[in-house]
Amino acid sequence: KVTHEHSEALNQRIKEHLALLDHSDPDANGWEQITEDGEMKVYRKELVQDGLICDPLKAVHSVGLVTAKEMCHYFWFPDVRRDWEETVDVFDVLETLDEATTINYQTHKQVWPAAQRDCLYLSSMVKVDNPPSVGDKIPHDTWIVCNFSVDHPEANPVSGCVRALIEVALICQTFITLPKDGGPITRDCLQCDIIYVANVNPGGWAPASVLRSIYKREYPKFLNRFTNYVQQKTKDLKLLF
Ligand SMILES: O=S(=O)(CCO)c1ccc(-c2ccc(C3CCCC3)c([C@H]3C[C@H]3c3ccccn3)c2)cc1
């Protein structure tokens with residue numbers, strides 16, 4: 001459905017990201033694993049575009065106690081961004097396009113010796129109907145948050161920032177193990193499978209070695225911090241499907 005000027009672009013990107021749900025073996029297709037931490041595996045590809053390090057990043061993870069909608073809600077919801085984002089300085093919602101779509105402006109903490117970066121992007125949370133089912137597991141529900149760079153007339157960029165371009169998706173699927181005793185579904189019955197992809201173009205020069213070490217350090221940290229945040233935030237709340 002078209003509700004705003006970016007609807008077509010958003011729907012196109014969602015279609016492309018959902019192709020990841022075929023759970024094609026990340027160890028294939030040239031992905032190099034850079035981190036493994038319990039259920040979380042982080043992969044990258046080495047990609048240089050116009051002399052800039054644009055390494056695609058992909059992480060797969062599986063966490064208990066939360067639903068796909070909860071994970072995507074707290075990833076999308078602007079009001080809690082500061083609770084879990086630690087690499088962002090300025091964060092503003094420039095425009096709210098509908099109840100699940102905003103246009104955000106944010107600056108990232110400077111990474112010496114590179115110039116500070118900012119991002120201007122659309123962020124939308126969408127429920128995925130009839131997702132491609134994978135293997136024998138049938139997901140209870142599938143949600144996606146898509147963040148991708150757009151222009152906006154009201155962006156009032158912080159001077160000195162280089163504009164980074166992002167293409168990010170968080171795809172979450174809830175799997176439920178019904179309790180043996182036929183009792184109600186509790187958080188212990190939940191498993192949320194996550195696929196996170198991030199394509200960040202730094203938008204200007206930054207030393208390859210510095211960028212690659214940041215990526216290797218920051219993404220696993222961010223994914224652990226964010227998933228722990230959602231488990232904590234929801235532990236005493238009603239399950240949100
Ligand atoms: O998932 S999101 O949509 C969540 C909303 O915030 C997202 C995540 C990451 C970025 C981002 C933007 C810029 C940079 C770099 C490029 C040169 C210098 C800064 C990095 C690199 C540094 C890596 C990184 C990875 C994870 C967290 C923070 N930092 C990451 C943007 C959006």
Side-chain angles (χ1 to χ4, degrees), residues 10 13-14 17 20 34-35 37 40 42-61 71-94 100-126 143-150 157-158 160-172 194-230:
L10 173 64
R13 280 175 172 76
I14 288 174
H17 289 309
L20 294 168
I34 54 174
T35 315
D37 177 357
M40 177 172 61
V42 183
Y43 304 84
R44 69 134 187 239
K45 282 183 182 173
E46 296 212 341
L47 176 65
V48 181
Q49 284 174 327
D50 311 322
L52 304 182
I53 305 298
C54 296
D55 296 358
L57 188 289
K58 174 176 180 177
V60 291
H61 198 0
M71 285 296 286
C72 286
H73 170 72
Y74 289 106
F75 184 71
W76 172 80
F77 191 42
D79 296 12
V80 299
R81 179 60 48 85
R82 291 193 181 292
D83 296 354
W84 55 267
E85 257 286 20
E86 53 181 7
T87 66
V88 164
D89 270 338
V90 164
F91 176 79
D92 290 319
V93 175
L94 296 181
T101 308
T102 55
I103 293 183
N104 306 330
Y105 174 79
Q106 66 190 35
T107 62
H108 281 253
K109 292 193 170 96
Q110 177 149 19
V111 172
W112 187 88
Q116 185 172 26
R117 258 67 181 184
D118 62 3
C119 297
L120 172 57
Y121 62 96
L122 180 138
S123 183
S124 190
M125 173 174 170
V126 175
W143 288 83
I144 181 169
V145 175
C146 241
N147 295 346
F148 60 91
S149 292
V150 293
V158 168
C161 278
V162 170
R163 180 61 48 85
L165 301 175
I166 66 168
E167 273 285 339
V168 169
L170 179 76
I171 307 173
C172 295
I194 300 163
I195 297 179
Y196 173 82
V197 287
N199 291 282
V200 173
N201 179 322
W205 180 81
S209 56
V210 169
L211 266 189
R212 286 186 166 138
S213 66
I214 299 167
Y215 284 21
K216 194 173 166 75
R217 184 183 71 234
E218 290 297 334
Y219 281 113
K221 198 161 78 173
F222 145 73
L223 287 161
N224 272 322
R225 180 178 163 89
F226 173 67
T227 48
N228 292 337
Y229 170 78
V230 179

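Ligands are counted one by one from 1 in listed order, and the atoms in each one are counted from 1 as well. Numbering of residues begins at 1 and proceeds along the displayed sequence.
Close contacts of ligand 1 with Y215, meaning ligand atoms under 4.0 Å from a residue heavy atom, involve 21 (C), 22 (C), 23 (C). In summary, the atoms of ligand 1 found under 4.0 Å from a heavy atom of E85, numbered by their order in the structure, are 4 (C), 5 (C), 6 (O). Taking every heavy atom of I214 and a limit of under 4.0 angstrom, the matching atoms of ligand 1 come to 22 (C), 23 (C). Heavy-atom contacts of Y121 reach the following atoms of ligand 1: 5 (C) (cutoff under 4.0 Å). Ligand 1 places these atoms under 4.0 Å from at least one heavy atom of R81: 5 (C). Each of the atoms 1 (O), 3 (O) of ligand 1 lies under 4.0 Å from some heavy atom of V168.
Without hydrogens or angle criteria, K109 side chain to E86 main chain gives a donor-acceptor distance under 3.5 Å.
For atom 28 (C) of ligand 1, the closest non-hydrogen atom of the protein is T87 OG1, 3.2 Å. Among all protein heavy atoms, the one lying closest to atom 11 (C) of ligand 1 is H108 CE1, 3.4 Å. Shortest contact from atom 14 (C) of ligand 1 to any protein heavy atom: V200 CG1, 4.0 Å.
By heavy-atom distance, the residue among F222, Y219, Y196 lying nearest atom 7 (C) of ligand 1 is Y196. Heavy-atom proximity to atom 17 (C) of ligand 1, evaluated over N201, V111, L211, D55, is greatest for L211.
Neither the backbone nor the side chain of K221 comes within contact range of ligand 1; no heavy atom lies under 4.0 Å.
Within the 4.0 angstrom cut-off, atom 21 (C) of ligand 1 has one or more protein heavy-atom neighbours.
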Q | Test log, rule side-chain contact (heavy atoms from CB on, under 4.5 Å), inputs N147 and I166 | A | CA-CA 7 Å; N147 295 346; I166 66 168; 4.2 Å; yes

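Within the structure, the closest approach of Q116 to ligand 1 does not fall below 4.0 Å when heavy atoms are considered.
Using cut-offs of 30° and 60° for the angle between ring planes, the F75 and W84 rings count as parallel. Taking the six-membered ring where tryptophan is involved, the planes of F77 and H73 are essentially parallel, since the angle between them stays under 30° and well short of 60°.
In terms of N/O distances under 3.5 Å, ligand 1 is not approached by E218. Taking distance alone, with nitrogen or oxygen atoms compared against 3.5 Å, N147 approaches ligand 1 more closely than that limit.
With respect to the salt-bridge test (charged N to carboxylate O, under 4.0 angstrom), the residues D55 and R212 qualify.
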